[in-house]
2 protein chains.
Amino acid sequence: MMKTIADIANLAGVAKSTVSRYLNGGSVSEATKRKIELVINETGYVPNTFAQSLKAKKTNIIGTVVPRLDSFASSQILIGVDEKLREMNYQMLISNTNQSLTREIESIYSLSNQKVAGIILLATQITDTHIEAFEKINIPVILVGQQHDSVYSVIHNDESAAYELGKYILKKGHRKIAYLGVTNKDIAVGVKRKEGIIRAIKDEEELCEVNFYETGFDMNEAVSKASTIIERFKPSIIVCATDNIALGALKAAHQRGIRVPEELSITGFGGYEVTEITHPSLTTVKFFYKEAGCDAANGIIKLLKGEEFSPVTLSKYQIMERESVDKK
Amino acid sequence: MMKTIADIANLAGVAKSTVSRYLNGGSVSEATKRKIELVINETGYVPNTFAQSLKAKKTNIIGTVVPRLDSFASSQILIGVDEKLREMNYQMLISNTNQSLTREIESIYSLSNQKVAGIILLATQITDTHIEAFEKINIPVILVGQQHDSVYSVIHNDESAAYELGKYILKKGHRKIAYLGVTNKDIAVGVKRKEGIIRAIKDEEELCEVNFYETGFDMNEAVSKASTIIERFKPSIIVCATDNIALGALKAAHQRGIRVPEELSITGFGGYEVTEITHPSLTTVKFFYKEAGCDAANGIIKLLKGEEFSPVTLSKYQIMERESVDKK
DNA sequence: CTGAAAGCGCTTACAG
DNA sequence: CTGAAAGCGCTTACAG
């Protein structure tokens, strides 16, 4: 049988309110404290969360909305969020939207109905409907991976990372560059990474030939897109907007019997674990997803406590110089 | 301002109990139904979950305990569970234990305290402490990935899958086999897969030379283990207990300048997405993780409704014949 | 420091 | 079919 606060009060010979005060750090004399403590230990009493939340009208749950569960980046961010939250005695509730923007909006409202204390959104696109939802629910929201003026954001600093990667490949002598990117609807991945590369090329004094292509996030689509690029454009390097796309490009090169990096260099973005183990291993930009997750978790708790939190947090990155880029 | 059932009752000119009955499918006349419906639509009323749960003493939440978030198998299973649960109007609450058995036990109790309706455990090892916890919490539990006599299980049929894979490589002519497995503590992955291979070899009339090795689940460890095996044993094939290990073996071969599959064949288990894109693509056994997740979700709901559910459900598998195995 | 009482928003017998 | 009342397990002013 589940014990209630009334049982504890009876057993300890005090009032329910006193037990409640003991539990919540109110003023209780040392003597009664000890009595209550004893009873609680003996009975293994655990307060009913529903009753608590019903009164307090809030929970220590942070809702985390993710577009998909099966992506390296998502997993790592979630791990970071979960770890930090657990540390701070909060709980993470994951809501998977399966890449549906509609379900994303639904999730935001539904989490709010469940009285989560705050929401962390692993964002892809931020629409007006999102902003409207954020305003309506009236609890702290932090975006991870995308930036928006009216919401707190933790981003991966895609532009700088891309700029640095661009400088790197230029230094390696590449002048005939294919950039295989994704939709502009994704500001971070589609726009910022491309912009960083473009800025690096602009800074370069020598002339570069650059072609831009677009593909989806899916590996298989990347294989065929890359294959066509190799055939028609014959670049010395394919700069891919994600590691998955780079993996696809690598496959395309293998299929065509083109040696990487001797005949063709390839780079990615992300730093997925598997990029270390491919042959050749992939030169890429590593983002610190887990740390970004921690940052977001920290931020939401600060916001909850009414403390200061910067509107935009830049997460770290690191160029991983490996085998897939050769001197030209 | 949040509306309560009392507000709705007032606005509709009926009693709270009538609104409650309307909400829960009790008997309400068509006329009052319409009145209530109207008010609810206008106000956008949503019942307070805590109040509901406080009375009903249960939730429509299913707790899912996972050892790690960043594994292909886990992600797919979670996606399956989530999808099915959502369909049935249940919710999934994920608890990540970060591969800690202690945290696994803690999670079980903590989910139970939160009054989840049931628990799905993506299991690695089942200890007595687990069984004790399952008995104490007194709600339905389903294991995914491991089997145990006293708990409902959805398993991947590792033994049969391994047997079939064993038959396949034998038919390809391999007689000098290295099996790179994992700890026996993991019954499904460590024991069953090995047993399946052994059974296939026993069935074979010709003489086989087989060596068994053990490694961790980590890719990098697999690289060095495989490298040593290649050097010392010189097998014609390395059968790896997981795709990650196989990826490591592939890397080891590349590093040593050994051509796969011409000089060395390699197989995995799992059917991770990335195995299709490696060079050469990996011959492996694909498990239907997502479907297994669905099965588990279905099962837990059946159990909740008091319906029949088989103590052990065998999930499907499929040999993915690709490029990493050659005729010998 | 301590207790009695009211109330959070719902559901569920029980009458009618 | 419908309503009044009790109660789920807690917390929070309010007295003392």
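Values below: all heavy atoms of this structure, side chains included; hydrogens, waters and symmetry mates excluded. Within every chain, numbering begins at 1; the chains are lettered A, B, ... in the order of the sequence lines, protein sequences first and strands thereafter.
- Between the CD atom of B:Glu30 and the P atom of D:dC1 there is a distance of 9 Å, given to the nearest Å.
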Would you mind writing out the side-chain donor-acceptor pairs for residues 303-314 of chain B within the sub-3.5 Å range, not counting sequence neighbours?
residue  : atom : partner  : partner atom : Å
B:Ser310 : OG   : B:Val312 : N            : 3.3
B:Ser310 : OG   : B:Val312 : O            : 2.9

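- At the heavy-atom level, B:Ser53 lies nowhere under 4.0 Å from the strands shown.
- Scored by the side chain to side chain donor-acceptor pair (under 3.5 Å) test, A:Asn24 finds A:Ser20 as partners (sequence neighbours excluded).
- Among residues two or more places apart in sequence or in another chain, the side chain to side chain donor-acceptor pair (under 3.5 Å) test is passed with A:Glu37 by none.
- Classification of the B:Tyr289-B:Phe72 ring pair by plane angle, with boundaries at 30° and 60°, yields perpendicular.
- Heavy atoms of A:Ser27 sit under 4.0 angstrom from at least one base atom.
- Among the atoms of the strands shown, only primed sugar atoms or phosphate atoms (P, OP1, OP2) are found under 4.0 Å from some heavy atom of A:Tyr45.
- Here the C1' atom of nucleotide C:dA6 and the NZ atom of A:Lys55 are 8 Å apart, to the nearest Å.
- The backbone N or O of B:Lys185 sits less than 3.5 Å from a side-chain atom of B:Thr183, completing a donor-acceptor pair.
- Rounded to a whole Å, the CG atom of A:Leu54 is 9 Å from the P atom of C:dC8.
- The interatomic distance linking A:Ile5 (CD1) with C:dA6 (C1') rounds to 15 Å, in whole Å.
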>> Using the rule given for side-chain contact (heavy atoms from CB on, under 4.5 Å), can you reason through B:Asn98 versus A:Glu83, listing the C-alpha separation, both sets of side-chain angles and the distance that settles it, and then say yes or no?
In response: CA-CA 9 Å; B:Asn98 200 23; A:Glu83 237 169 50; 4.2 Å; yes
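- Side-chain contact of A:Gln146 with A:Asp186: a donor-acceptor pair under 3.5 Å is present, judged by distance alone.
- Under 4.0 angstrom from either OP1 or OP2 of D:dT11 there lies at least one side-chain N or O belonging to A:Ser20.
- Taking the ring centre of B:Tyr45 as origin, the terminal cationic atom of B:Lys3 falls outside the region bounded by 6.0 Å and 45° from the ring axis.
- Checking each of B:Ile300, B:Leu143, B:Leu111 against B:Ile119 for a side chain to side chain contact (heavy atoms under 4.5 Å, CB included) leaves exactly one that passes, namely B:Leu111.
- A:Ser29 comes within 4.0 angstrom of the backbone, heavy atoms only, and of no base.
- Computed from coordinates, the B:Asn48 CG to C:dG7 C1' distance equals 13 Å when rounded to whole Å.
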Might you list the N or O atoms of the protein lying below 3.5 Å from N or O atoms in nucleotides 14-16 of chain C, with each pair's distance?
none

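- Counting to the nearest Å, the P atom of C:dC10 and the OH atom of B:Tyr22 are 15 Å from each other.
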> Using Watson-Crick and G-U wobble pairs whose two distances are both under 3.5 Å, how do you write the pairing of DNA chain C as dot-bracket, with | for links to another strand?
Replying inline: |||.||||||||.|||
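- Remark: side-chain polar atoms of A:Ser74 are paired, donor with acceptor, to backbone N or O of A:Arg68 under 3.5 angstrom.
- Mapping B:Asn24 and A:Ala31 onto DNA chain C by nearest heavy atom places A:Ala31 closer to the 5' end of the strand.
- Contacts of residues 10-18 of chain B with DNA chain D (heavy atom under 4.0 Å): B:Val14, B:Ala15, B:Ser17, B:Thr18.
- C:dC10 atom P lies 8 Å from atom CG of B:Leu23, rounded to whole Å.
- Exactly one of A:Met92, A:Gln91, A:Glu87 qualifies for a side chain to side chain contact (heavy atoms under 4.5 Å, CB included) with A:Asp82. That residue is A:Met92.
- With rounding to whole Å, B:Asn113 atom CG is found 14 Å from D:dG9 atom P.
- Of the listed nucleotides (C:dG9, D:dT11, D:dT2), D:dT11 has the atom at the smallest distance from the side chain of A:Gln52.
- B:Thr97 contributes no side-chain N or O that, together with a main-chain N or O of B:Ser95, makes up a donor-acceptor pair within less than 3.5 Å.
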